[in-house]
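Worksheet: one structure, shown below.
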Amino acid sequence: MSDPIRVRLTGVGGYLPRDVVTNDDLARKFGIETSDEWIRTRTGIGQRHIASGDETTSSMAAEAARQALEYAGVDASQVDAVLVATATPDQVFPAVAVQVQAHLGMTAGFGFDISAACSGFVYALATATALMRSGQARKVLVIGSEVFSRLLDWTDRSTCVLFGDGAGAVLLETGAGEGEGVLSTHLHSDGRTGDLLYVDGAVGCPSTSQHLRMQGREVFRHAVVKLSQAVDEALEANGLTGQDIQWMVPHQANLRIIDGMAKKLALSADRVVVTVDRHANTSAASIPLALNEAVRDGRVRKGDLVLMEALGGGLTWGSALIRM
Ligand code: ACO
């Protein structure tokens with residue numbers, strides 16, 4: 001019997017918009033009735049990057065992708081597929097992934113977008129891995145890119161302080177050894193909880209508004225329970241325990257949720273990659289942005305076991321385990 005196809009992660013990249021907006025800026029310059037103290041104590045967020053007019057989901061995705069290719073030493077012409085997780089595409093179509101192909105000068109391969117809100121990167125990673133294991137692609141760019149600042153109701157202080165913009169990317173390649181690379185992915189969604197976190201309009205269902213709406217407390221409650229289940233599932237599928245994890249690279253929504261998950265796994269704070277303090281919640285971009293940072297500063301190294309988990313609108317949620 002021939003060896004199964006195994007998928008390794010060979011490149012990381014990220015892009016953050018030039019403009020930084022602090023919590024104090026929101027209160028003072030944007031006139032939002034809030035405070036640094038309120039935002040920090042409830043979420044851990046201190047600032048966020050906000051895209052300017054020339055910074056779009058596709059331009060940020062392309063820059064993150066370029067960096068991931070450069071890191072891996074792979075030319076864009078060698079890439080078979082581009083998958084972009086986003087809830088904030090530049091246009092309904094072409095897909096952001098196809099726009100990224102054009103940005104990178106790709107004339108072959110294929111690309112498509114994935115819509116799973118804040119869980120989008122885990123969904124895209126799972127989809128890319130499945131495509132690669134079935135022999136349909138050997139090198140795949142997996143990107144999360146978002147401009148949630150353009151989706152926010154800036155008069156709703158309970159949501160507008162929580163999010164930021166940015167893009168993160170990884171390059172996946174076939175050829176991992178046994179026990180290396182993407183070990184597992186687990187995905188879930190439950191449409192019955194759609195009213196907890198949603199956007200109140202789109203082209204297919206016109207409304208005067210197109211803004212993010214959220215029942216924060218309920219989302220928090222679901223996040224703690226569902227992320228725990230997704231993490232248990234990942235560990236069990238691989239015969240591992242929390243003690244085997246070197247790094248948790250969670251979706252960055254709220255420091256209290258992240259701390260809760262670390263506690264559950266008995267992981268000390270220095271084993272958890274946190275960016276929410278500086279990036280806020282960048283939805284599908286948050287995990288690859290955090291991974292990019294931790295790989296480039298030398299925290300996450302080859303051979304480390306990395307756990308990723310995310311929950312978002314849908315609700316959607318999931319986990320992934322990767323041996324770097
Ligand atoms: N500044 C100051 N006061 C505020 C603000 C603000 N930005 N927003 C709300 N308040 C006020 C409310 O009006 C309320 O005042 P009241 O008691 O006089 O009515 C008070 O603060 C408490 O509001 P709650 O919504 O009950 O605050 P809570 O403690 O639940 O914190 C939060 C809200 C931070 C959103 C929390 O519920 C949470 O973290 N939920 C998780 C949701 C999340 O992270 N979503 C991200 C997307 S999903 C994901 O990625 C996992």
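All values below come from the heavy atoms of this structure, side chains included, with hydrogens, waters and symmetry mates left out. For ligands, and for the atoms within them, numbers begin at 1 and follow the listed sequence.
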Between T22 and D24, a side-chain donor and acceptor under 3.5 Å: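 The criterion, which ignores hydrogens and geometry beyond distance, is not satisfied for D24 and T22.
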Regarding D165 and S149, is there a side-chain donor-to-acceptor distance under 3.5 Å anywhere?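 The answer is yes; a qualifying pair exists.
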Listed by chain and number, what are the salt bridge (charged side-chain N to carboxylate O under 4.0 Å, His left out) partners of R299, not counting sequence neighbours?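 Salt bridge (charged side-chain N to carboxylate O under 4.0 Å, His left out) list for R299, sorted by chain: E293, D297.
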Show me a pair-per-line table, with atom names and distances to 0.1 Å, of protein N or O atoms that are under 3.5 Å from an N or O of ligand 1.
residue	atom	partner	partner atom	Å
ligand 1	1 (N)	T34	OG1	2.7
ligand 1	3 (N)	W38	NE1	3.3
ligand 1	7 (N)	T34	OG1	3.1
ligand 1	7 (N)	R157	O	2.9
ligand 1	13 (O)	R157	NH2	3.0
ligand 1	21 (O)	W38	NE1	3.2
ligand 1	26 (O)	R217	NE	3.0
ligand 1	26 (O)	R217	NH2	3.1
ligand 1	29 (O)	R42	NE	3.2
ligand 1	30 (O)	R217	NE	3.0
ligand 1	37 (O)	G216	O	3.3
ligand 1	37 (O)	R217	N	3.4
ligand 1	39 (O)	N254	ND2	2.5
ligand 1	40 (N)	G216	O	3.0
ligand 1	50 (O)	H251	NE2	2.8
ligand 1	50 (O)	N281	ND2	3.2
ligand 1	50 (O)	L311	O	3.4

Just by distance, do the side chain of R278 and the backbone of V274 share a donor-acceptor pair under 3.5 Å? yes
Main-chain N/O of P89 paired to Q91 side chain as donor or acceptor, under 3.5 Å: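 Answer holds: no.
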Can you classify the ring geometry of W317 versus H188 as parallel (below 30°), tilted (30 to 60°) or perpendicular (above 60°)? parallel
